Amino acid sequence: MRIAVFASGNGSNFQALVEYFRERGLTDQFVWLFCDQPNAYVLERASKLDISTSVFSPKEFQTKKAYEEKILECLLDKEVDLIVLAGYMRIIGSTLLDQYESRIINIHPSLLPDFPGLHGIRDAFEAGVKKTGVTIHYIDKGVDTGPIICQESVEIKKGDTLEELERRIHQVEHRIYPKVIEQVVKEMKTMEAHIK
């Protein structure tokens, strides 16, 4: 199984995924990292992990369709089977969704459907709820609305700071995301074997 990761920032989930697969000797490969931010730290992580990267921004294209067509060209060139979003801060459009239906997975730092969007951790913290968490889900045409694969809750403790909550949420992400992706890959391979 050939996997691409899309990321926009620090890339800690990307690194956790790659290291998890490599440590377990899994033959599935992370073959490409796509980033829309030229100064993102995730690019340095990819370089250290010896994973090829491409970087371009929607600003370089006249339309979102043209931007996604360029991404799609790279995906097809690298024969990517599965796309994993790891802090990719853009909404996936129909050009990619149509080609990779049920093959794009996202991680979101809240218990969806609560607190969708860019600031899931902060929104939950400011709302004063007692728990939030992490959701892993398939991407669909909505924003954080696709079918849920896995959720794990994280307690918001009395006296928590936003930074402490963020740290605990990231710990959960790094622990569960690789395992869920491993399971999804297994299921995809099983389905492909049945089709053949």
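Just the heavy atoms: all of them, side chains too, but no hydrogens, waters or symmetry mates, feed the values below. Numbering starts at 1 and runs along the sequence shown. These numbers were taken from a predicted model, which means no experiment stands behind them.
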*Do Val18 and Arg45 have side chains that get closer than 4.5 Å, going by heavy atoms?*
no

Q) Are any non-hydrogen side-chain atoms of Gln151 and Val134 less than 4.5 angstrom apart? A) no

For the residue pair Arg24 and Tyr20, would you count it as a cation-pi contact if the rule is NZ or CZ under 6.0 angstrom from the ring centre and within 45 degrees of the ring axis? yes

Between the CG atom in Leu17 and the NZ atom in Lys179, the distance rounded to the nearest 0.5 Å is 12.5 Å

When rounded to the nearest 0.5 Å, the distance separating CG of Leu49 from CD of Gln15 is 5.5 Å

Distance col, row Leu85:CG vs Ile105:CD1, nearest 0.5 angstrom, shows 9.0 Å

Starting from the C-alpha separation in whole Å, work towards a yes-or-no answer on side-chain contact (heavy atoms from CB on, under 4.5 Å) for Ile107 and Thr135. CA-CA 6 Å; Ile107 189 163; Thr135 302; over 6 Å; no

| query | Does the side chain of His170 pick up a donor-acceptor pair with the side chain of Ser12 at under 3.5 Å? | reply | no

- Flag, side chain of Asn10 to backbone of Tyr41, donor-acceptor distance under 3.5 Å: no

Distance col, row Asp28:CG vs Phe21:CZ, nearest 0.5 angstrom, shows 5.5 Å

Compare all side-chain heavy atoms of Val185 with those of Ile3 and state whether any distance is below 4.5 angstrom. yes

Students should find that the hydrophobic cluster of Leu118, defined by side-chain heavy atoms under 4.5 Å apart, otherwise consists of Met89

ask   = Are any of the side-chain heavy atoms of Glu187 and Thr190 separated by less than 4.5 Å?
value = no

**Q.** Check against ring-ring contact (aromatic ring centres under 6.0 Å, His included), Phe56 and Phe61
**A.** CA-CA 9 Å; Phe56 45 86; Phe61 298 83; 5.6 Å; yes

Exercise. Is the number of heavy atoms from other residues, nucleotides or ligands within 6.0 Å of NZ (Lys189) greater than 12?
Worked result: yes

In the structure I gave you, are the side-chain heavy atoms of Phe6 and Leu75 within less than 4.5 Å of one another anywhere?
yes

Exactly one of Trp32, Tyr100, Tyr88, Phe34 clears side chain to side chain contact (heavy atoms under 4.5 Å, CB included) with Ile83, and that residue is Tyr100

ask   = Would you say the side-chain atoms of Glu152 pair up with the backbone N or O of Val172, donor to acceptor, closer than 3.5 Å?
value = no

ILVMFWY cluster, Leu26 and Met1 together (side-chain gap under 4.5 Å) = yes

Tightest non-hydrogen contact, residues Val42 and Cys35, listed as CG1-SG, 3.9 Å

inquiry  = Please determine whether residues Ile169 and Val180 belong to a single hydrophobic cluster, defined as Ile, Leu, Val, Met, Phe, Trp and Tyr linked transitively by side-chain heavy-atom distances below 4.5 Å.
reply    = yes

Between Ser47 and Leu43 (side chain of the first, backbone of the second, donor and acceptor by atom type, cut-off under 3.5 Å), is there such a pair?
no

Heavy atoms of Ala124 and Ile156 approach each other most closely as O-CD1, 4.1 Å

* Examine Ile92 and Ile148 and state if one hydrophobic cluster contains both, with Ile, Leu, Val, Met, Phe, Trp and Tyr joined whenever side-chain heavy atoms are less than 4.5 Å apart. => no

message: Is there a path of hydrophobic side-chain contacts, each under 4.5 Å between heavy atoms, that joins Phe30 and Met188?
response: yes

Within the supplied structure, the quantity of interest is the number of heavy atoms (other residues, nucleotides, ligands) at a distance under 6.0 Å from Asp50 CG; does it exceed 12? no

What one should report as the nearest heavy-atom pair of Leu162 and Phe125 is N-CZ, 3.5 Å

Original post:
Do the non-hydrogen side-chain atoms of Glu155 and Lys130 ever get within less than 4.5 Å of each other?
Top reply: no

Check your understanding: Does atom NZ of Lys64 have more than 12 heavy-atom neighbours from other groups under 6.0 Å away?
Key -> yes

Trace of the salt bridge (Lys or Arg N to Asp or Glu O under 4.0 Å) decision for Glu163 with Arg167: CA-CA 6 Å; Glu163 289 72 24; Arg167 185 178 50 77; over 6 Å; no

All heavy atoms of Ser153 vs all of Leu111, minimum pair found to be CB-CD1, 3.9 Å

Do Arg168 and Glu164 sit within salt-bridge range, that is, some charged N less than 4.0 Å from a carboxylate O? no

Are any of the side-chain heavy atoms of Ile121 and Thr132 separated by less than 4.5 Å? no

Exercise for review: Using modelled atom types only, decide if a donor and an acceptor are shared between the side chain of Ser94 and the backbone of Leu97 within a distance under 3.5 Å.
Suggested key: no

- Can you check whether Lys78's main-chain N or O pairs, donor with acceptor, with Arg2's side chain at less than 3.5 Å? yes

Original post:
Between Val184 and Tyr138, is a side-chain contact (heavy atoms from CB on, under 4.5 Å) present by the stated rule, with each step listed?
Top reply: CA-CA 11 Å; Val184 167; Tyr138 289 103; 4.0 Å; yes

- Query: In terms of hydrophobic clusters joined by side-chain contacts under 4.5 Å, are Leu33 and Ile71 together?
  - Reply: no

- Taking it one step at a time, do Arg22 and Glu19 satisfy salt bridge (Lys or Arg N to Asp or Glu O under 4.0 Å)? CA-CA 5 Å; Arg22 287 182 179 175; Glu19 288 177 348; over 6 Å; no

(message) With a 6.0 Å cut-off (strictly less than), is the heavy-atom count around CD of Gln62, excluding the residue itself, greater than 12?
(response) no

Any chance the side chains of Ser8 and Gln37 put a donor and an acceptor closer than 3.5 Å?
-> no

The reported gap from CD in Glu101 to NZ in Lys141 (rounded to nearest 0.5 angstrom) is 7.0 Å

Interatomic distance, CG@Asp36 vs OG@Ser54, rounded to 0.5 Å, equals 12.5 Å

Worksheet entry | Residue pair Gln99 / Leu76, side-chain heavy-atom distance below 4.5 Å | yes

Heavy atoms of Pro178 and His174 approach each other most closely as CD-O, 3.2 Å

Residues Arg103 and Leu82: closest non-hydrogen pair is O-CD1, 3.4 Å

Would you say Ser110 and His108 are linked by a side-chain donor-acceptor pair, where the criterion is simply a distance under 3.5 Å?
yes

query = Would a distance-only check, ignoring hydrogens and angles, find a side-chain to backbone donor-acceptor pair under 3.5 Å from Asn13 to Ala86?
reply = no

Glu69 side chain to Thr95 backbone, donor-acceptor under 3.5 Å: no

